[in-house]
Protein chains: 2
Amino acid sequence: MSLAAGFQPLYKQVYDLLTRRLVEGHWKPSEPLPSEMALAEELGVSQGTVRKALNQMVSESLLERRQGKGTYVAEHTQESSLFRFFRLREPGGESLIPETKVLSSKRRSASKRERLQLGLEPKEQVVELLRLRYLNNKPAIVEKIIQPLSVFPDIDKQTELPNALYILYQEKFGISIVSVRDELRATAMPEALADYLGLAAGSPVLMVERASINIDGRAVECSQAYCASEDFVYSVDLK
Amino acid sequence: MSLAAGFQPLYKQVYDLLTRRLVEGHWKPSEPLPSEMALAEELGVSQGTVRKALNQMVSESLLERRQGKGTYVAEHTQESSLFRFFRLREPGGESLIPETKVLSSKRRSASKRERLQLGLEPKEQVVELLRLRYLNNKPAIVEKIIQPLSVFPDIDKQTELPNALYILYQEKFGISIVSVRDELRATAMPEALADYLGLAAGSPVLMVERASINIDGRAVECSQAYCASEDFVYSVDLK
DNA sequence: CAGTGGTCTAGACCACCTT
DNA sequence: AGGTGGTCTAGACCACTGC
């Protein structure tokens, strides 16, 4: 067989190989992969082994399979992107569609905290994007988003920013966000931002610090969001 | 075959059957299940089909498999129980071991909100347990836990409550918590509880409302926790 | 109809654990 | 040595898709 019998199980080697190809852009989002049989033949393993590797990638949302059609690179659609990582809800209630307004955007050097979180060099330039998000037409979230220019060249030259930034990252910069790490705390609303949410400075707000992880495992973007949590809650299921 | 060919895939039928047996207490936590071969023979399906069903149950933390030994009913150990659903951390940091002190315990009728959340009858009796939890030897969390007496008979007669309640639920009441739903918001610290955390009334605190789900899918316990989030954050990875 | 993924089987061999 | 789960294979049949 062309994949040498090594330390790891064959299906794991196939998984690693296919994931590497995916990371390197060998296939683009929404493109089909070769069929199981074709991959099995190319790699010199059985179809079942390829299947096991593919299914693992599906379980990580890297791929999607459609019976009778083929296996496709997972795509960040408007809906999936908005809802997969967006956890703010009405208490006990359904998903809410956030609307978004950009408040400001500027270039500056990365702070120490940002360098640590994103693995940046000293003095590396980032874009700081300030956005206001509405739920049920009420201003609910102010978020500050940090985008390294080394990852997103000239992103501040984009004329139109979509509601779901991850779609832009994927289509224009080849960045596929596969997971996020959130840290939540309660804090007093900073005076500088209080007006946006129509709150008194010092009101209790939910702060969500997020690091977004690319398919290659790097943290490529981080954000801080201040959420009015009178009417909304951050909802999460742990299994 | 003894499992009639029905609408659903065989492995799904096997999964349903084995899960039902598990729910009904057919096997107790930490007990071994019959071997794959034995189950396959009993059910009249192939070993591979049983394997697929078992692996799905493993992925839901219902079972554990140990190579060379057997397949076991998952057990809530002190560590796994404390850390699997306990999300409070130092910012960017490691897990913290919470210490616990019981403040009070009393019986009363369920409130409307509790009846809705836990599916209780009007006037049903519950135990309201108030606990104080410490992280790094500092009081960090006040939590109010609601336990229906219909689910946990005479739970308030327990002489000793363990740090991880889920272990008690499993050992004494046959309740296996498999998932939780958390809703987080920021709020002002209630005056009645502020002293416990050494905070001023009105300070911003993180409130975590939790419903705990039994293996049979019912919400069997709910809680409200007020967390001092000066020094600690609620940390979660979304994939 | 041919091509795809989805299910199911049977059997081989390996790695690990116990006796 | 014998039993367990873990991997891998090969082949059959089914369900869905599109030409």
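Within every chain, numbering begins at 1; the chains are lettered A, B, ... in the order of the sequence lines, protein sequences first and strands thereafter.
Side-chain N/O atoms of A:Lys52 include one lying less than 4.0 angstrom from OP1 or OP2 on D:dT7. In this model, the phosphate group of D:dG5 is approached by a side-chain N or O of B:Thr71 to a distance below 4.0 Å at OP1 or OP2. Side-chain N/O atoms of A:Ser35 include one lying less than 4.0 angstrom from OP1 or OP2 on C:dT4. In this structure, B:Tyr11 reaches the C:dT7 phosphate: one of its side-chain N or O atoms is under 4.0 Å from OP1 or OP2. For A:Arg66 and C:dG5, the shortest distance from a side-chain N or O to OP1 or OP2 is not below 4.0 Å.
Rounded to a whole Å, the CG atom of A:Leu54 is 13 Å from the P atom of C:dT4. The distance from atom CG of A:Leu10 to atom P of C:dC14 is 14 Å, rounded to the nearest whole Å. Atom CD in A:Gln47 sits about 8 Å away from atom C1' in C:dG5, given to the nearest Å. Rounded to a whole Å, the CE atom of B:Met37 is 14 Å from the C1' atom of D:dG2. Between the CZ atom of A:Arg65 and the C1' atom of D:dA15 there is a distance of 14 Å, rounded to whole Å. Separating the CG atom of B:Leu39 from the P atom of C:dT9 is a distance of 14 Å, rounded to the nearest angstrom. Look at CD on A:Gln13: it is 19 Å from P on D:dG6, rounded to the nearest Å. Here D:dG3 presents its P atom at 13 Å from CD of B:Glu41, a figure rounded to the nearest Å.
Using a 30° and 60° split on the angle between ring planes, B:Tyr166 and B:Phe85 fall in the perpendicular class, above 60°.
Checked against ring-ring contact (aromatic ring centres under 6.0 Å, His included), A:Tyr15 has no partners two or more places apart in sequence or in another chain. Taking B:Phe152 as the reference, B:Tyr169, B:Phe173 meet the ring-ring contact (aromatic ring centres under 6.0 Å, His included) condition, with sequence neighbours excluded. Residues satisfying the side chain to side chain contact (heavy atoms under 4.5 Å, CB included) criterion with B:Arg133, sequence neighbours excluded, are B:Leu82, B:Phe86, B:Pro98, B:Thr100, B:Arg131, B:Ile141, B:Glu143, B:Asn163. Residues meeting the side chain to side chain donor-acceptor pair (under 3.5 Å) test with B:Gln224, sequence neighbours left out: B:Lys144, B:Glu209. By the salt bridge (Lys or Arg N to Asp or Glu O under 4.0 Å) test, A:Arg181 pairs with B:Asp237, sequence neighbours left out.
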Detail all sub-3.5 Å separations between protein N/O atoms and N/O atoms belonging to nucleotides 17-19 of chain D.
unit_1, atom_1, unit_2, atom_2, d
D:dG18, OP1, A:Lys69, NZ, 3.0

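Minimum interatomic distance between B:Ser105 and B:Val127 (heavy atoms only, all atoms of both residues): OG-CG1, 3.7 Å.
Taking only distance into account, the side chain of A:Arg51 meets the base of C:dG6 through a donor-acceptor pair shorter than 3.5 Å.
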